[in-house]
Amino acid sequence: MQQAQHGSGGSLVSSNDVTGTAVYDKTGEKAGTIDHLMIDKSSGKAVYAIMTFGGFLGLGEREFVIPWGALSYDSGLDGFRTSITPDQLKSAPAQYEGWHRDRKHEESIYDHYHVPYYWF
């Protein structure tokens with residue numbers, strides 16, 4: 001994943017480069033891949049990573065909405081790390097049409113993964 005150089009930190013990255021980036025569990029095993037991001041229009045902050053987990057050659061993969069705060073970039077892996085467990089994924093709140101406009105549902109996602117709400 002290429003990071004854009006900006007100032008001394010070099011912490012900006014193109015959304016094109018985030019799509020397809022691997023996500024690793026806390027042991028360093030590949031757990032999934034980022035499919036796309038959801039960004040808050042008002043703040044411009046990344047809020048969710050829509051990720052795929054499981055499957056083989058695209059078969060049996062499932063998409064999950066993961067709070068952006070549950071991921072941290074690991075330059076050694078050139079990917080993101082998460083402490084989300086398979087059990088958390090199995091019991092994750094189900095998504096439905098318009099879920100992202102339902103604050104109570106968003107709260108349930110953030111509570112489920114023990115991540116502070118992005119809107120505070």
Side-chain angles (χ1 to χ4, degrees):
M1 181 169 54
Q2 293 183 328
Q3 291 188 349
Q5 295 304 308
H6 178 74
S8 61
S11 63
L12 298 180
V13 65
S14 168
S15 61
N16 288 337
D17 292 331
V18 174
T19 299
T21 299
V23 176
Y24 299 89
D25 65 16
K26 59 186 172 185
T27 68
E29 293 291 319
K30 184 176 177 188
T33 305
I34 296 177
D35 184 70
H36 63 279
L37 301 178
M38 295 190 71
I39 298 168
D40 180 71
K41 288 191 257 183
S42 298
S43 70
K45 293 180 183 178
V47 176
Y48 297 104
I50 309 304
M51 297 184 53
T52 56
F53 289 93
F56 178 71
L57 298 175
L59 300 172
E61 285 185 338
R62 290 191 49 208
E63 279 192 351
F64 292 88
V65 176
I66 305 297
W68 186 247
L71 304 170
S72 60
Y73 187 70
D74 184 324
S75 60
L77 293 171
D78 195 29
F80 291 90
R81 243 187 223 279
T82 188
S83 61
I84 291 173
T85 66
D87 287 339
Q88 282 179 303
L89 292 175
K90 287 177 191 171
S91 61
Q95 304 316 310
Y96 55 88
E97 187 70 32
W99 66 266
H100 56 288
R101 291 184 294 276
D102 179 347
R103 183 64 82 198
K104 288 290 184 199
H105 189 70
E106 285 191 285
E107 287 175 1
S108 73
I109 294 169
Y110 274 73
D111 291 344
H112 182 74
Y113 293 112
H114 310 289
V115 176
Y117 303 145
Y118 75 89
W119 53 90
F120 285 136

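Everything quoted here is computed from the prediction, not taken from an experiment.
Contact record, G32 with M51: C-CE, 4.5 Å, taken as the closest heavy-atom pair. In plain terms, the two heavy atoms of S83 and Q88 that are nearest each other are O-OE1, 4.0 Å. Scanning all heavy atoms of the two residues, the minimum distance from K30 to A22 falls at CE-CB, 3.9 Å. The two atoms that bring T21 and G79 nearest to each other are CG2-CA, 3.7 Å, heavy atoms only.
A donor-acceptor contact closer than 3.5 angstrom links the side chains of Q95 and H105. A donor atom on one side chain and an acceptor atom on the other are found under 3.5 Å apart for T27 and D25.
The shortest side-chain heavy-atom distance between Y73 and V13 does not fall under the 4.5 Å cut-off. With a 4.5 Å cut-off on side-chain heavy atoms, F80 and I66 do not count as touching.
Using cut-offs of 30° and 60° on the angle between ring planes, the pair F120 and Y117 is tilted. A tilted orientation is assigned to the rings of Y110 and Y118, their planes being inclined by 30° to 60°.
Put simply, CD1 on I50 and CD1 on I34 are 10.0 Å apart, with the number rounded to the nearest 0.5 Å. In this structure, the separation between CG on D17 and CG on L12 is 11.5 Å, given to the nearest 0.5 Å. Remark: L89 CG to F64 CZ distance equals 5.0 Å, nearest 0.5 Å. Separating the CH2 atom in W68 from the CE atom in M38 is a distance of 13.5 Å, to the nearest 0.5 Å. Taking CG from L37 and CD1 from I39, the interatomic distance works out to 5.5 Å, rounded to the nearest 0.5 Å. Once rounded to the nearest 0.5 Å, the distance linking CD of E107 with CG of D102 reads 9.0 Å.
Under a 3.5 Å cut-off, the side chain of T82 and the backbone N or O of A70 do form a donor-acceptor pair. Formation of a donor-acceptor pair under 3.5 Å by the R81 side chain with backbone atoms of K26 is found in this model.
V18 and Y24 are assigned to two separate hydrophobic clusters, defined by single-linkage of ILVMFWY side chains at heavy-atom distances under 4.5 Å. Note on W119: it clusters hydrophobically with W99, by side-chain heavy-atom contacts below 4.5 Å among ILVMFWY residues.
Shown are E106, H36, H100; of these, the side chain to side chain donor-acceptor pair (under 3.5 Å) with Y48 is made only by E106. Looking at V65, T85, I84 one by one, the single match for side chain to side chain contact (heavy atoms under 4.5 Å, CB included) with Y113 turns out to be I84.
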